[in-house]
Amino acid sequence: MIKRLLLSVFFVTLSFVGGVASIAGVIDRKSGDYIPVPRMIAPVTSEVNISGEREVSFKWDAHAGRNDPGRFYIFRLYSGKQATEDALMVKEELASEAGISISSERFVPGQFYTWSVQQGYTGKGKSDKGYQTFQVIKE
């Protein structure tokens, strides 16, 4: 009886710890370090007005990231609401969290676009991707 109770407590504890680790974010399998998803700053609205704009600027920050050497970001821009390889318009690996600007001529008013950013460290893995979808308007 006590053996069953101890075994049950063990499995409940193990399930709880595993659930917390998966909810917390990405844990690099090699080093055990948590790599947070970058905080997306702009654009984060459902519409982006390109009237009179030469570029659309995409910005993010590390959120709760470490300042270890070798930090980089992978920016992706997709045409449409789905982040699929056939919809990929731009993919850039950047050393800075400052962001990237894309010419407004690449955007069609009325169309939807999805952007994502992922944080990584050289030799230590990557975070999950953060996603944001918006519709381009021109007034």
For L77 and F58, run side chain to side chain contact (heavy atoms under 4.5 Å, CB included): C-alpha distance rounded to whole Å, both residues' side-chain angles, the deciding distance at 0.1 Å, then the answer. CA-CA 10 Å; L77 177 65; F58 298 86; 4.1 Å; yes
Does E93 use its side chain to pair, donor to acceptor, with the backbone of I74 at less than 3.5 Å? no
Would you name the heavy atoms of Y131 and M40 that are closest together and state the gap between them? N-SD, 3.6 Å
To the nearest 0.5 Å, how far apart are OG in S116 and CG in D128? 11.5 Å
Write down the atom of P109, the atom of F107, and the distance for their closest heavy-atom approach. CD-O, 3.8 Å
What side-chain donor-acceptor pairs closer than 3.5 Å can you find for residues 78-92, not counting sequence neighbours?
from	atom 1	to	atom 2	distance (Å)
T84	OG1	D86	OD1	2.6

Identify, with sequence neighbours excluded, every residue that meets side-chain hydrogen bond (donor to acceptor under 3.5 Å, both in side chains) alongside S101. S57
Closest heavy-atom pair and its distance - G99, L94: O-CD1, 4.2 Å
What about F112 and V48, same hydrophobic cluster or not, with Ile/Leu/Val/Met/Phe/Trp/Tyr joined at side-chain heavy-atom distances under 4.5 Å? no
Can you list the steps and then say if K138 with S51 is a side chain to side chain contact (heavy atoms under 4.5 Å, CB included)? CA-CA 5 Å; K138 193 169 187 177; S51 297; 3.4 Å; yes
Do V117 and I102 belong together in a cluster built from hydrophobic side chains that touch within less than 4.5 Å? yes
Please find the pair of heavy atoms, one from S104 and one from I50, that lie closest to each other, and give the distance. O-CD1, 4.0 Å
Taking all heavy atoms of T122 and all of F72, pick out the closest pair and write down the distance. N-CE2, 3.6 Å
Only one of K126, Q119, Q118 passes side chain to side chain donor-acceptor pair (under 3.5 Å) with Y73, and that residue is Q119
Please walk me through it: do Y113 and V108 pass side chain to side chain contact (heavy atoms under 4.5 Å, CB included)? CA-CA 9 Å; Y113 296 88; V108 178; 3.7 Å; yes
Donor-acceptor pair, side chain of T133 and main chain of T114, under 3.5 angstrom: no
Would you say W60's side chain and F75's backbone share a donor-acceptor pair under 3.5 angstrom? no
Closest approach of S127 and P36, non-hydrogen atoms and distance? CB-O, 3.2 Å
